[in-house]
Undergrad: 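Take a look at this one; I'll ask things after.
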Amino acid sequence: MITKESPIAVFDSGMGGVSVLRQLYKLMPNENYFYFGDSKNAPYGEKTTEEIKALTIENVKYLVSKNAKAVVIACNTATAAAAKELREIYKDISIIGLEPALKPAALSKEHPTIVVLATELTLREQKYEILHDRFKETANVIKLPAPELVRLVEEDKVDTEEMDAYLKRLFSGLEKEKIDCVVLGCTHFPFAKRKISQFLGSHVQVFNGAEGAARQTRRLLEAKNLLNENGEGKIIFENSDETKIPLSKTLFYRK
Ligand code: DGL
C-alpha cells in the first residue's frame with residue numbers, strides 16, 4: 001500500500017538524475033528516496049527511441065515494485081522517449097518528467113540567443129520540437145547535442161583537460177559573446193555547470209529544469225495528501241552497475 005512513508009523514486013540513465021535528487025532533497029528533506037541509475041546501459045542519448053523506451057519502462061517497473069509513491073524520470077532523454085506511455089501504464093502513480101528549461105530562458109530578456117545543450121535523442125524527439133516551435137519567434141534558439149559531456153560526467157572527469165578541450169570543440173561554431181543563455185537540457189550537465197559558465201563567461205545565464213521538476217513533484221504529492229513532512233529523509237542508491245554507486249553518493253554530497 002502506498003503511504004506517506006513510501007519513497008519517491010528517481011530514475012536516470014546513470015549519474016545525471018543525482019542533480020535532480022539534490023533539488024528534490026533540498027525542497028523535501030523529510031521524504032524517503034530511492035535512486036536508481038542505469039549506468040550499465042548509459043549513455044541513453046545515442047540509442048534509438050525504441051531502445052530507450054524499453055529500458056525506461058523496465059526500470060520504472062522495478063521502481064514501482066519498490067512501492068514508489070511517485071516516479072521522477074530524472075532524465076530528459078528517457079522522458080522524451082517514454083513518459084507518455086508510462087503515464088498510461090501507471091495511472092495511479094505520479095510520474096514526473098524532465099524537459100529542457102527553454103521557457104524561462106526565452107522569457108529572460110528581449111529576443112535572447114539561447115543554446116540548448118542536450119542529448120541527440122532529446123533534441124530530435126517531437127516533445128522538444130513542440131517546445132522549440134513555441135519559442136522560435138521570441139528567441140534565437142540553437143540546438144547543440146553534447147553527448148561527450150554525458151560520458152565525462154559519468155566518468156567523473158569534469159575537472160580535467162579533456163573536458164576543457166571538449167568544451168572548446170563543442171562551442172567552436174558559435175560566437176561566445178553573442179550567447180545570452182544556456183539551457184542544461186540533460187540532467188548530467190548541472191555537474192559541469194561551473195566549467196560551462198567559466199568557459200562561456202559570466203554574461204551567460206544558465207537554466208536547469210531540475211528545480212521546476214522538484215516543485216512539480218511536491219505539488220502532485222500535496223494534491224494526493226502524500227507529503228511526508230516528518231520523516232527522516234532516507235536515501236537509497238542503486239545502480240545497474242554497482243561500481244557506480246559510490247560516485248552517485250559523492251555527486252550527491254559534493255558542494
Ligand atoms: N541524463 C540524461 C538526460 O537528462 C541522458 C544521459 C544519457 O545520454 O544517458 O537526458
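Positions are given from 1 along the sequence. As the structure is a computational prediction, the values presented were derived from the model and not from experiment.
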Undergrad: Determine whether Met15 and Leu247 satisfy the following criterion, side chain to side chain contact (heavy atoms under 4.5 Å, CB included), listing intermediate values before the conclusion.
TA: CA-CA 8 Å; Met15 298 300 128; Leu247 180 57; 3.9 Å; yes

Undergrad: Enter the distance from Ser240:OG to Asn59:CG here, rounded to the nearest 0.5 Å.
TA: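 Answer for the OG-CG pair, Ser240 versus Asn59, is 7.0 Å.
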
Undergrad: Tell me whether Arg87 contacts the main-chain N or O of Ile95 through its side chain, where contact means a donor paired with an acceptor under 3.5 Å.
TA: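 Yes; judged by distance alone, with no hydrogens or angles, the pair exists.
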
Undergrad: Please check: side-chain N/O of Thr79 versus main-chain N/O of Leu98, any donor-acceptor pairing under 3.5 Å?
TA: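 Side chain of Thr79 to backbone of Leu98, a donor-acceptor pair under 3.5 Å: yes, one is there.
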
Undergrad: Could you check whether any side-chain heavy atom of Tyr90 comes within less than 4.5 Å of a side-chain heavy atom of Val71, counting everything from C-beta outward?
TA: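 Tyr90 vs Val71: side chains apart.
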
Undergrad: Measure the shortest side-chain to side-chain distance between Leu121 and Glu46 over non-hydrogen atoms and say whether it is less than 4.5 angstrom.
TA: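 SC-SC contact between Leu121 and Glu46 ruled out.
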
Undergrad: With a 4.5 Å limit on heavy-atom distance, are the side chains of Val153 and Val158 in contact?
TA: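 Yes; the side chains approach each other to less than 4.5 Å.
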
Undergrad: Could you give me the CA-CA distance, side-chain angles and deciding distance for Val18 and Lys249, then say whether side chain to side chain contact (heavy atoms under 4.5 Å, CB included) is met?
TA: CA-CA 8 Å; Val18 175; Lys249 293 185 185 171; over 6 Å; no

Undergrad: According to the salt bridge (charged side-chain N to carboxylate O under 4.0 Å, His left out) rule, which pairs have a member within residues 189-211, sequence neighbours left out?
TA: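 Applying salt bridge (charged side-chain N to carboxylate O under 4.0 Å, His left out) to every pair that reaches into residues 189-211, excluding sequence neighbours, yields Asp159-Arg194, Asp164-Lys195, Glu211-Arg215.
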
Undergrad: Tell me whether Lys91 contacts the main-chain N or O of Glu88 through its side chain, where contact means a donor paired with an acceptor under 3.5 Å.
TA: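 Checked: pair present.
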
Undergrad: Rounded to the nearest 0.5 Å, what's the gap from CG on Leu63 to CD on Glu58? Could you check?
TA: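 Rounded to the nearest 0.5 Å, the CG-CD separation comes to 11.0 Å.
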
Undergrad: Would you mind writing out the side-chain donor-acceptor pairs for residues 201-210 within the sub-3.5 Å range, not counting sequence neighbours?
TA:
| unit_1 | atom_1 | unit_2 | atom_2 | d |
| --- | --- | --- | --- | --- |
| His203 | NE2 | Lys176 | O | 3.1 |
| His203 | NE2 | Ile179 | O | 3.3 |
| Asn208 | OD1 | Ala210 | N | 3.0 |

Undergrad: State, yes or no, whether a side-chain contact exists between Leu123 and Thr119 at a heavy-atom distance under 4.5 Å.
TA: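 A side-chain contact is absent here, since even the closest heavy-atom pair is not under 4.5 Å.
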
Undergrad: Verify the distance criterion only: is there a donor paired with an acceptor across the side chains of Asn76 and Thr122 at less than 3.5 Å?
TA: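 Side chains of Asn76 and Thr122: no pair found under 3.5 Å.
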
Undergrad: Say you draw a straight line from CG of Leu184 to CD1 of Ile196; how long is it, rounded to the nearest 0.5 Å?
TA: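 If I round to the nearest 0.5 Å, the distance is 5.5 Å.
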
Undergrad: Verify the cluster assignment for Leu227 and Ile8: are they in a single hydrophobic cluster under the rule of side-chain heavy atoms below 4.5 Å apart?
TA: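 Linked, Leu227 and Ile8 end up in one cluster.
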
Undergrad: Please examine the side chains of Ser94 and Lys224, heavy atoms only from C-beta on, and report whether any two atoms are closer than 4.5 Å.
TA: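 They are in contact (side-chain heavy atoms under 4.5 Å apart), so the answer is yes.
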
Undergrad: For Ile57 and Ile89, what are the C-alpha separation, side-chain angles and deciding distance, and is it a side chain to side chain contact (heavy atoms under 4.5 Å, CB included)?
TA: CA-CA 9 Å; Ile57 290 176; Ile89 303 174; 4.3 Å; yes

Undergrad: Mind checking whether Phe36 and Phe11 have parallel, tilted or perpendicular rings, split at 30° and 60°?
TA: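 Parallel, since the angle between the ring planes stays under 30°.
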
Undergrad: Do you know which two heavy atoms are closest between Ala101 and Val183, and how far apart they sit?
TA: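 So the minimum-distance heavy-atom pair works out to N-CG1, 3.4 Å.
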
Undergrad: Please set out all donor-acceptor pairs under 3.5 angstrom arising from side-chain atoms of residues 228-237, sequence neighbours excluded.
TA:
| unit_1 | atom_1 | unit_2 | atom_2 | d |
| --- | --- | --- | --- | --- |
| Asn228 | OD1 | Gly231 | N | 3.1 |

Undergrad: Sort and list the pairs that fulfil salt bridge (charged side-chain N to carboxylate O under 4.0 Å, His left out) and have at least one residue in residues 93-121, not counting sequence neighbours.
TA: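 For residues 93-121: Glu99-Lys127, Lys109-Asp180.
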
Undergrad: For Tyr166, enumerate each residue passing the ring pair (Phe, Tyr, Trp, His ring centres under 6.0 Å) test, keeping only those at least two apart in sequence or located in another chain.
TA: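 Expected list: none.
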
Undergrad: Output every pair passing salt bridge (charged side-chain N to carboxylate O under 4.0 Å, His left out) with a member in residues 61-83, not counting sequence neighbours, ordered by first then second residue.
TA: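 For residues 61-83: Glu31-Lys69.
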
Undergrad: Under the side chain to side chain contact (heavy atoms under 4.5 Å, CB included) criterion, do Arg218 and Leu221 qualify, and how do the steps go?
TA: CA-CA 5 Å; Arg218 187 168 67 178; Leu221 289 174; 5.9 Å; no

Undergrad: Is the backbone N or O of Pro246 less than 3.5 Å from a side-chain atom of Thr250, with the two atoms forming a donor-acceptor pair by type?
TA: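 Checking the backbone N and O of Pro246 against the side chain of Thr250, a donor-acceptor pair under 3.5 Å is found.
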
Undergrad: Any non-hydrogen side-chain atom of Leu117 less than 4.5 Å from a side-chain atom of Leu170?
TA: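 Leu117 reaches Leu170 side chain to side chain.
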
Undergrad: Between Asn67 and Met1 (side chain of the first, backbone of the second, donor and acceptor by atom type, cut-off under 3.5 Å), is there such a pair?
TA: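 Present.
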
Undergrad: Give a yes or no answer on whether the side chain of Thr77 reaches the backbone of Tyr44 with a donor-acceptor pair at less than 3.5 Å.
TA: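 No, because the side chain of Thr77 does not come within donor-acceptor range (under 3.5 Å) of the backbone of Tyr44.
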
Undergrad: Does the side chain of Lys53 come within less than 4.5 Å of Thr56's, by heavy atoms?
TA: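 SC-SC contact between Thr56 and Lys53 ruled out.
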
Undergrad: Is it true that Glu148 and Arg151 have a side-chain N and a carboxylate O under 4.0 angstrom from each other?
TA: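 Judged by the 4.0 Å cut-off on N to carboxylate O distance, Glu148 and Arg151 do form a salt bridge.
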
Undergrad: Check whether more than 12 heavy atoms from other residues, nucleotides or ligands sit under 6.0 Å from atom CG of Asp133, and answer yes or no.
TA: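 Yes - once you tally the heavy atoms of other residues, nucleotides and ligands closer than 6.0 Å, there are more than 12.
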
Undergrad: Treating Thr187 as the side-chain partner and Ala74 as the backbone partner, does any N or O pair qualify as donor plus acceptor under 3.5 Å?
TA: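 Yes: the side chain of Thr187 pairs with the backbone of Ala74.
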
Undergrad: Would you say Asp12's side chain and Gly17's backbone share a donor-acceptor pair under 3.5 angstrom?
TA: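 Yes: the side chain of Asp12 pairs with the backbone of Gly17.
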
Undergrad: Would the distance check show the side chain of Arg22 and the main-chain N or O of Arg254 forming a donor-acceptor pair, the cut-off being under 3.5 Å?
TA: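 Yes; at least one donor-acceptor contact below 3.5 Å.
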
Undergrad: Quick check against the 3.5 Å criterion: does Lys47 have a side-chain atom that pairs as donor or acceptor with the backbone of Asn41?
TA: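 Yes, because the side chain of Lys47 sits within donor-acceptor range (under 3.5 Å) of the backbone of Asn41.
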
Undergrad: Please answer: with hydrophobic residues joined when any side-chain heavy atoms are less than 4.5 Å apart, are Phe199 and Met163 in the same cluster?
TA: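 Hydrophobic grouping puts Phe199 with Met163.
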
Undergrad: Pick one: which of Thr243, Asp241, Asn239 meets side chain to side chain donor-acceptor pair (under 3.5 Å) with Ser39?
TA: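 With Ser39 as partner, side chain to side chain donor-acceptor pair (under 3.5 Å) holds for just one option, Asn239.
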
Undergrad: Could you check whether Ser13 and Asp38, counting side-chain N and O atoms only, form a donor-acceptor pair closer than 3.5 Å?
TA: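 Their side chains do not contain a donor-acceptor pair, so the 3.5 Å distance test is not met.
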
Undergrad: Taking the side chain as C-beta and beyond, is there a heavy-atom pair between Leu27 and Gln23 under 4.5 Å?
TA: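 Sidechains of Gln23 and Leu27: no contact.
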
Undergrad: For the pair Tyr25 and Phe252, evaluate ring pair (Phe, Tyr, Trp, His ring centres under 6.0 Å) and give the outcome as yes or no after the intermediate values.
TA: CA-CA 10 Å; Tyr25 188 78; Phe252 181 78; 5.6 Å; yes

Undergrad: Identify the residue among Lys143, Arg134, Lys136 that makes a salt bridge (Lys or Arg N to Asp or Glu O under 4.0 Å) with Glu129.
TA: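 Among Lys143, Arg134, Lys136, the one that satisfies the salt bridge (Lys or Arg N to Asp or Glu O under 4.0 Å) with Glu129 is Lys143.
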
